[in-house]
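Taking it in order: structure first as structure tokens, then the write-up.
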Amino acid sequence: MTLENNGANNIDLLCAKTRTFFMIDSKLLRENLSDVQRRLTTRGNDHDISWFKDLDSGRRQLLGEAESLKAERNSVSALIGKTKDKSQVQDEIVRMKQVSNRIKELDEELRTIEEALTQRLLLVPNLPDAACPVGKTEDDNVEIRKWGKIEARDYEPKPHWDLGNELGILDFERATKLSGARFSVLIGAGARLERALINFMLDLHTEQHKYIEVLPPFMVNSDSMIGTGQLPKFADDLFRAEGVDLYLIPTAEVPVTNLHRDEILNDADLPICYTAYTPCFRKEAGSHGKDTRGLIRQHQFNKVEMVKFTRPEDSDSELDKLLDNAEEVLRQLKLPYRVVDLCTADIGFSAARTFDIEVWLPGQATYREISSCSNFRDFQARRASIRYRPDGGSKPAFVHTLNGSGLAVGRTLLAVLENYQQADGSVVIPEVLRPYMGGMERISI
RNA sequence: GGAGAGGUGACCGAGAGGCCGAAGGUGCAUGAUUGGAAAUCAUGUGUACUGCAAGGUACCGGGGGUUCGAAUCCCCCCCUCUCCGCCA
């Protein structure tokens with residue numbers, strides 16, 4: 001049986017129904033719809049939410065009607081139950097039968113309107129933070145700092161695909177034979193370097209930054225994808241397994257954030273900080289012709305991710321720390337980078353605020369994204385129902401979730417190749433990686 | 001893949017058509033007791049939606065059905081466990 005036969009279109013509805021209904025606070029939507037609309041508009045594109053008012057009031061009216069009938073049925077049924085001689089309540093029994101039928105109709109209408117509402121709400125992106133710079137395109141992103149010195153060279157630096165090919169550590173042609181475009185094979189010291197980077201990053205985050213290491217499944221179900229915001233909107237970007245409700249993860253953010261889906265966390269345990277190495281799988285639909293050469297844009301790449309669950313009041317400062325933890329990887333590798341504050345038009349669907357870290361690539365004489373650190377506030381927490389009990393006592397409240405790459409490993413490897421290349425075509429191994437490379441100091445032809 | 005057992009609140013566990021949002025226990029919270037603690041006793045202790053409020057509604061793995069009324073009966077699905085088989 002295939003997913004299609006199960007009604008793939010209903011997947012999101014099936015699970016959304018069992019979960020918190022509103023991706024954005026319903027009170028906020030009711031009372032400040034125009035304000036919400038205005039903030040969404042700063043993202044660019046159309047995010048019309050004018051449909052909310054009618055669907056919501058329609059829902060509430062139906063709900064009120066259905067519930068008062070149910071209340072009547074409950075009380076009359078209780079009466080019927082207490083009456084020994086059923087002939088005395090025959091009229092009530094007949095009347096309640098009619099009431100039950102009406103309830104069924106109303107429930108059906110309610111289900112329809114709630115499905116419509118949920119469908120639409122799932123497609124509404126997060127509200128950008130007040131602090132997020134307002135902009136219309138990525139050109140409006142704000143560079144907030146630079147680190148490291150860009151070396152002047154007396155030779156023409158090569159792009160990593162030439163370096164990797166000449167060193168025999170990177171093979172795109174054979175990858176094409178195996179899997180097609182946008183795949184790569186690392187060989188020998190290249191494979192070792194990738195593994196060294198993964199281990200270096202994980203050790204840094206666990207030992208110095210005190211994250212808990214997680215090795216999650218690389219395939220997850222649609223509930224998980226909805227929880228973090230990949231579904232239903234970005235189904236085209238995901239690889240899906242045939243015949244089962246499983247997707248290859250596009251980032252460790254998905255399984256790691258969903259670790260606590262449908263849970264109420266202990267206040268005292270927050271913030272919870274995880275780091276995870278996983279491969280990531282992306283279709284890269286709609287990016288044909290972009291970054292076709294090299295390791296920049298692959299269908300499969302390795303990434304070390306950091307994920308945090310925090311109290312709402314702590315998420316801003318935790319984002320600063322997360323960003324600094326990601327930057328630390330580059331500082332230890334001595335790779336020049338800059339940090340960019342993404343504007344409202346450039347932040348992702350689920351994000352309220354995002355800082356990108358861009359590493360310097362001498363082979364291409366440009367900065368390229370190597371990490372993206374975001375605060376999702378309660379957006380994912382609502383979708384995935386991840387809560388905590390403030391001070392242990394009162395009502396459960398949504399946590400804030402954050403995550404960031406720490407770092408994209410393939411891009412780090414290419415940054416190392418390009419930045420550490422020598423005039424003779426060899427590549428020096430960054431000092432912090434040498435213990436992970438069996439002491440190797442240089443990759444030569 | 002075959003056979004069996006089972007999914008109930010933070011946890012264990014009873015309930016087998018109405019008196020069940022759900023006994024009892026554990027845990028937790030508050031109070032009493034104490035110099036302080038342990039023990040003991042008392043009280044309290046789910047979530048969501050909806051309503052100005054009182055309140056109402058829903059939820060016992062998920063979906064559907066029977067019934068005036070379903071945690072409880074029927075059907076379908078999912079998951080977990082045990083045994084057998086197969087396999088990294």
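So you know, we letter chains A, B, ... as the sequences are listed, proteins then strands, and number each from 1.
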Toward the 5' end of RNA chain B, which comes first, Asn74(A) or Gly64(A), by nearest nucleotide?
Gly64(A)
Rounded interatomic separation in angstrom, taking CD from Gln88(A) and P from C68(B):
18 Å
Should the pair Asp314(A)-Lys321(A) be classified as a salt bridge under the 4.0 Å nitrogen-to-oxygen rule?
no
Ranking U57(B), U50(B), C68(B) by distance to the side chain of Lys70(A), first place goes to U57(B)
Between G61(B) and U8(B), how many Å separate the two P atoms, rounded to a whole number?
6 Å
Give the rounded distance in Å between these two atoms: CD of Glu108(A) and P of G64(B).
9 Å
Using atom CZ of Arg30(A) as one end and atom P of C52(B) as the other, report the distance to the nearest whole Å.
10 Å
The side chain of Arg389(A) lies closest to which of these nucleotides: U50(B), G18(B), U47(B)?
U47(B)
Please determine if Arg111(A) and Glu115(A) form a salt bridge, counting it only when a charged side-chain N lies under 4.0 Å from a carboxylate O.
yes
May I ask you to say what Ser68(A) touches in the nucleic acid, namely base, sugar-phosphate or nothing, with a heavy-atom cut-off under 4.0 Å?
nothing
Specify the separation, in whole Å, of atom CD of Glu263(A) and atom C1' of C11(B).
14 Å
Rounding to an integer number of angstrom, what distance separates U47(B) and G21(B) when you compare their C1' atoms?
11 Å
Provide the distance between the two P atoms, one in C79(B) and one in G13(B), to the nearest whole Å.
23 Å
Out of U47(B), U50(B), C68(B), whichever nucleotide has its closest atom nearest the side chain of Arg60(A):
U50(B)
Just how far, in rounded Å, is C1' of A58(B) from CZ of Arg111(A)?
16 Å
Under 3.5 Å, is there a donor on one side chain and an acceptor on the other for Thr310(A) and Glu318(A)?
no
With C1' as the reference atom in both, quote the distance from G51(B) to A58(B) in angstrom, rounded to an integer.
15 Å
Considering only atom P, compute the distance from C81(B) to C73(B) and round it to an integer number of Å.
25 Å
So which nucleotide from U57(B), U47(B), G69(B) ends up closest to the side chain of Arg387(A)?
U47(B)
In whole angstrom, give me the gap between the P atoms of A39(B) and U30(B).
15 Å
Nearest to side-chain heavy atoms of Ala71(A), which nucleotide of C68(B), U57(B), U50(B):
U57(B)
Please identify each residue that fulfils side-chain hydrogen bond (donor to acceptor under 3.5 Å, both in side chains) with Glu105(A), with sequence neighbours left out.
Arg102(A)
Taken in chain and number order and not counting sequence neighbours, the residues that satisfy side-chain hydrogen bond (donor to acceptor under 3.5 Å, both in side chains) with Ser405(A) are none
Holding to side chain to side chain contact (heavy atoms under 4.5 Å, CB included), I want the full list of residues that pass it with Ala352(A), two or more places apart in sequence or in another chain.
Asn126(A), Asp129(A), Arg377(A)
Could you tell me how far apart Leu106(A) (CG) and G56(B) (P) are, to the nearest whole angstrom?
20 Å
Under 3.5 Å, which donor-acceptor pairs do the side chains of residues 434-445 of chain A form with other protein atoms, sequence neighbours left out?
residue, atom, partner, partner atom, Å
Arg434(A), NE, Ile429(A), O, 2.9
Arg434(A), NH2, Ile429(A), O, 2.9
Tyr436(A), OH, Asp203(A), OD2, 2.7
Arg442(A), NH1, Ser426(A), OG, 2.7

Considering only the C1' atoms, how many Å lie between C52(B) and C68(B), rounded to the nearest integer?
34 Å
At under 4.0 Å between heavy atoms, what does Leu63(A) touch on the DNA or RNA strands: base, sugar-phosphate, or nothing?
sugar-phosphate
From the candidates U66(B), G56(B), C49(B), the one with an atom nearest any side-chain atom of Lys104(A) is U66(B)
On RNA chain B, more 5' by nearest nucleotide between Ser77(A) and Ser100(A) is Ser77(A)
Take atom CG of Leu110(A) and atom P of A48(B), then tell me their distance rounded to the nearest Å.
19 Å
So, is Arg59(A) close to the U50(B) phosphate, meaning a side-chain N or O under 4.0 Å from OP1 or OP2?
yes
Within residues 223-242 of chain A or reaching into it, pairs that qualify as ring pair (Phe, Tyr, Trp, His ring centres under 6.0 Å) - sequence neighbours excluded:
Phe234(A)-Phe349(A), Phe239(A)-His299(A)
Charged N to carboxylate O under 4.0 angstrom, Arg311(A) versus Asp267(A)?
yes
Taking only N and O in the side chain of Arg73(A), is any of them less than 4.0 Å away from OP1 or OP2 of G69(B)?
yes
Among U50(B), G18(B), G56(B), which nucleotide sits nearest the side chain of Glu67(A)?
G56(B)
In whole angstroms, the gap separating P of G27(B) from CD1 of Ile264(A) amounts to 21 Å
Distance between the P atoms of G4(B) and C87(B), in whole angstroms?
24 Å
Requiring both pairing distances under 3.5 angstrom, list the stems that contain RNA chain B and are made of three or more consecutive Watson-Crick or G-U pairs.
B:1-7 with B:78-84, B:10-12 with B:24-26, B:27-32 with B:40-45, B:46-50 with B:55-59, B:61-65 with B:73-77
Would you classify Arg95(A) as touching base, sugar-phosphate or nothing, given that sugar-phosphate means primed atoms plus P, OP1 and OP2, and contacts are heavy atoms under 4.0 Å?
nothing
